[in-house]
Amino acid sequence: MRPLTEAETRAVFEKLGKYIGENIQLLVDRPDGTYCFRLHRDRVYYLSEKLLKLAASVPRDSLVSPGTCFGKFTKSQKFRLSVTALDFLAPYAKYKVWVKPGSEQSFLYGNHVLKSGLGRITENTAQYQGVVVYSMADVPLGFGVAAKSTQECRKVDPLAIVVFHQADVGEYVRNEDTLT
């Protein structure tokens, strides 16, 4: 387990910035202590400095998951955000999308959000902006990328895609053997 390099930190913060903007600072300097990001086996973990000191005494081969996995680096060194980061992204999300109850299941199966399933969308959401997807009961379901801006969503036909799927809580069941 090691600290992120400058390039890795930039990649992680750029990806997080798409979803939570300047609120990245709130993830690091929290009232309950200071938190940090660490790399272990191409995965980026988010953990407190207190837990970091405890994890330092565990041998590398025995260490499975030192904190919350935020994502992983691909072979081409691109950062891919994981659904396990949803609990930390949701409270700080700048742009949100709420889906109708009939479309929740479709999204949880890994499908994109269509205009017909769109309940609400945050004002001034730009195209290709990172959004957190909620149910109408304000339960975070996952995250994705806005395929259309807020203004375009009003005019588009009901079968058009408005949010591209990135990750959802259904992955806990679909990929339970590979999530760490």
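One distance of note links NE2 of His165 with CG of Asn111; it measures 8.0 Å at 0.5 Å rounding. Rounding to the nearest 0.5 Å places OG1 of Thr68 at 14.0 Å from CZ of Arg43. The OG1 atom of Thr74 lies 9.0 Å from the CG atom of Asp42; values are rounded to the nearest 0.5 Å. Taken to the nearest 0.5 Å, the OH atom of Tyr45 stands 13.5 Å off from the CG atom of Leu52. Atom NZ of Lys96 and atom OG1 of Thr125 lie 11.0 Å apart (nearest 0.5 Å).
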Without placing hydrogens or testing angles, list every side-chain donor-acceptor pair under 3.5 Å for residues 17-26, not counting sequence neighbours.
| unit_1 | atom_1 | unit_2 | atom_2 | d |
| --- | --- | --- | --- | --- |
| Asn23 | ND2 | Ile20 | O | 3.4 |
| Asn23 | ND2 | Tyr92 | O | 2.9 |
| Gln25 | NE2 | Asp29 | OD2 | 2.4 |

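Leu39 and Leu4 get closest at one heavy-atom pair: CB-CD2, 3.7 Å. Between Gly117 and Ser103, the shortest heavy-atom distance links the atoms CA-OG, 2.9 Å. Across Val28 and Tyr46, no two heavy atoms sit closer than the pair N-OH, 4.4 Å. In terms of heavy-atom proximity, Leu47 sits nearest to Pro66 at CD1-O, 3.9 Å. Nearest heavy-atom pair, Gly67 versus Ser65, reported as atom, atom and distance to 0.1 Å: O-OG, 3.0 Å. Taking all atoms of both residues into account, the shortest heavy-atom contact from Ala167 to Val83 is CB-CB, 3.9 Å.
Residue pairs meeting the salt bridge (Lys or Arg N to Asp or Glu O under 4.0 Å) criterion with at least one partner in residues 99-115, sequence neighbours excluded, do not occur; the list is empty. Sorted by first then second residue, the salt bridge (Lys or Arg N to Asp or Glu O under 4.0 Å) pairs that include residues 72-82, not counting sequence neighbours, number zero. Applying the side chain to side chain donor-acceptor pair (under 3.5 Å) test to every pair with at least one member in residues 136-157, sequence neighbours left out, gives these pairs: Trp98-Asp138, Glu123-Arg154. Applying the side chain to side chain donor-acceptor pair (under 3.5 Å) test to pairs two or more places apart or on separate chains, those with a residue in residues 4-16 are Arg2-Glu8, Thr5-Glu8, Glu6-Arg10.
Residues Thr122 and Val131 form no side-chain contact, since every pair of their non-hydrogen atoms from C-beta on lies 4.5 Å or further apart. Using a 4.5 Å heavy-atom threshold, the side chains of Cys153 and Leu118 count as touching. Contact check for Leu108 versus Leu141: side-chain heavy atoms found under the 4.5 Å cut-off. The shortest side-chain heavy-atom distance between Val99 and Tyr134 does not fall under the 4.5 Å cut-off.
Following chains of ILVMFWY side-chain contacts shorter than 4.5 Å, one cannot reach Tyr109 starting from Ile161, and the two form parts of different hydrophobic clusters. A single hydrophobic cluster is not seen to contain both Val139 and Val163; linkage of ILVMFWY side chains at heavy-atom distances under 4.5 Å, directly or through other members, places them apart.
Partners of Asp32 under the side-chain contact (heavy atoms from CB on, under 4.5 Å) rule, at least two apart in sequence or in another chain, are Arg30, Tyr35. Evaluation of the ring-ring contact (aromatic ring centres under 6.0 Å, His included) rule for His40 yields no partner, not counting sequence neighbours. A search for ring-ring contact (aromatic ring centres under 6.0 Å, His included) contacts involving Phe13 returns Phe37, not counting sequence neighbours. With sequence neighbours excluded, the residues satisfying ring-ring contact (aromatic ring centres under 6.0 Å, His included) with Phe164 are His112. Shown here are the ring-ring contact (aromatic ring centres under 6.0 Å, His included) partners of Phe79, two or more places apart in sequence or in another chain: Phe73. The salt bridge (Lys or Arg N to Asp or Glu O under 4.0 Å) search around Arg120 returns none, not counting sequence neighbours. Evaluation of the side chain to side chain donor-acceptor pair (under 3.5 Å) rule for Ser57 yields no partner, not counting sequence neighbours.
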Mind running side-chain contact (heavy atoms from CB on, under 4.5 Å) on Val133 and Phe143 for me, showing each step along the way? CA-CA 5 Å; Val133 179; Phe143 50 88; 5.7 Å; no
Run the side-chain contact (heavy atoms from CB on, under 4.5 Å) check on Phe70 and Leu27 step by step: do they pass? CA-CA 12 Å; Phe70 257 51; Leu27 282 177; 4.2 Å; yes
Would Ile121 and Val97 satisfy side-chain contact (heavy atoms from CB on, under 4.5 Å), going step by step from the backbone distance to the final call? CA-CA 4 Å; Ile121 187 168; Val97 170; 3.9 Å; yes
Is there a side-chain contact (heavy atoms from CB on, under 4.5 Å) between Leu86 and Asp168 once you walk through the steps? CA-CA 8 Å; Leu86 180 63; Asp168 63 81; over 6 Å; no
